[in-house]
Every structure is written in structure tokens, then in C-alpha cells.
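Values below: every heavy atom of this structure, side chains too, minus hydrogens, waters and symmetry copies. Numbering starts at 1 and runs along the sequence shown.
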Amino acid sequence: MCYSAQIEAAYQKLVRMTGATVSLQEFAALYAHDPGKKRPKTPKAMADAFRAGSSAAERTVWAEIQRCNQAEAAILEQELFANRMRLADAERSLQGKETKKAREDVRIAGKKIEHAMGKLADLKRADGKDRDSRIFPGVYAPVIVSEGGKLTMKPMRYQCRLAGKPANHDQRFPDTYSALGALLTVIKSIPK
């Protein structure tokens, strides 16, 4: 089973190599999600590829990405504040009396603070790392597809769904099927 993959998010390079056009409106729609809903999962390299955009459409996508990053940073800062308060309360409790709950609160809050600080640092970081190009099931990635005889690059979710299954199947049954497994299922269902 294929679990993760490494992507190439250098759009200009991919366009030169394949002759594909980038569907900027689909990338903009992906990042222009409803603020009340959870942000779609995308690799950092895919978003950062728009940082050096030269056209107005690419700059529009980058503006949407920055808006998403600011909203996510605000949520992370609130989470960071709440966990720092939890940590301080637990440490005060430990000074008075050693309890299992206080010790667990110190451990959990410390981990959550570390995680939130790492996420905030990643949002602010401009230099790329190898992990920025890693995708997992359910994460959007740039895919080149043929539409009407023309190659187009658009964002698509990295996950295969069995034929005939509804969209909520992925949430109800989180087992991920690899593209090879889905292909083998299709081949087996072809009458001989």
C-alpha cells in the first residue's frame, strides 16, 4: 500500500517539461475556502511555489495562501496561549501538591506548545525543506491531467476511492487504497 509520496511543486519547471497549463482558478478556489471550515490540507511546497508568481493570477493565489496562513496562525496562537495557561496552572498545582493530573497536564501542554510553535515557525519560514514536498492521503497535490487533448495542472486530493463509493466513504472508512490497488480492483471487475 502506498502511504506517502514526494511531489514536485515547481510549476514553471513542470510547465516547461510537459507543456501543460496551470489552472490558476482551481488553485485559487482551493485556497479561497470558507473561513468557517477547516483549511484544506496542502503541502507547503505547493503553496510556496506561488510566492514568486509573476502574473496577476499567481499573485492572487499567493494572496489567498497568505490569508489562509494568517488565519491558521491566529488559531495556533490562541491554542498556544491556552496551553501556556494550562502549563502554568499545572506547574502551580505541582508546587503545592504532586498529583497525577497536574503531571499529565504539564506533559500534554508541553507537547502541544512544542507542536504549535513548530507549526507557527513553518508558516513563517520561506526556505524549503524536503518534508515540505511530502504528501499523505487526503492532502491536495498538483496533478497534470489531460482535458480535451490539452494537459492541465490542477490541485487534486491524493487518495483513491473505490469505484461507486460516495465522497463520505473516506471519512467513514479511513483505510486508504493505493492507485495500484484501485487499478487491480478495476481490472478484476472487467468481464473476460
Rounded to the nearest 0.5 Å, what separation is found between the [atom1] atom of [X] and the [atom2] atom of [Y]?
{"X": "Tyr31", "Y": "Asn69", "atom1": "OH", "atom2": "CG", "result": "8.5 Å"}
{"X": "Thr18", "Y": "Leu151", "atom1": "OG1", "atom2": "CG", "result": "6.0 Å"}
{"X": "Leu30", "Y": "Ser23", "atom1": "CG", "atom2": "OG", "result": "11.0 Å"}
{"X": "Lys119", "Y": "Lys124", "atom1": "NZ", "atom2": "NZ", "result": "14.0 Å"}
{"X": "Arg84", "Y": "Lys112", "atom1": "CZ", "atom2": "NZ", "result": "15.0 Å"}

Would you indicate whether the side-chain heavy atoms of [Y] and [X] approach each other to under 4.5 Å?
{"X": "Arg134", "Y": "Pro43", "result": "no"}
{"X": "Trp62", "Y": "Asp48", "result": "yes"}
{"X": "Val139", "Y": "Arg157", "result": "no"}
{"X": "Val145", "Y": "Lys154", "result": "yes"}
{"X": "Lys150", "Y": "Thr21", "result": "no"}

Counting only N and O atoms by type, is there a donor-acceptor contact under 3.5 Å from the side chain of [X] to the main-chain atoms of [Y]?
{"X": "Ser93", "Y": "Asp89", "value": "no"}
{"X": "Asp132", "Y": "Lys129", "value": "yes"}
{"X": "Glu58", "Y": "Ser55", "value": "yes"}

* Are Met117 and Leu87 grouped together when hydrophobic residues (ILVMFWY) are joined by side-chain heavy atoms under 4.5 angstrom apart? ->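 Both belong to a single hydrophobic cluster.
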Closest approach of [X] and [Y], non-hydrogen atoms and distance?
{"X": "Phe50", "Y": "Ile65", "value": "CD1-CD1, 3.8 Å"}
{"X": "Leu24", "Y": "Val61", "value": "O-CG2, 3.7 Å"}
{"X": "Met46", "Y": "Phe27", "value": "CE-CE2, 4.0 Å"}
{"X": "Ala73", "Y": "Leu123", "value": "N-CD1, 3.8 Å"}
{"X": "Ala90", "Y": "Asp105", "value": "CB-CB, 3.6 Å"}
{"X": "Asp122", "Y": "Lys44", "value": "O-CE, 3.0 Å"}

Is the closest basic N to carboxylate O distance between Glu64 and Arg67 below 4.0 Å? yes
Basic-acidic side-chain contact under 4.0 Å: Glu104, Lys101: no
Counting only heavy atoms from other residues, nucleotides and ligands, does the tally under 6.0 Å from [atom1] of [X] exceed 12?
{"X": "Arg103", "atom1": "CZ", "result": "no"}
{"X": "Met156", "atom1": "CE", "result": "yes"}
{"X": "Glu114", "atom1": "CD", "result": "no"}

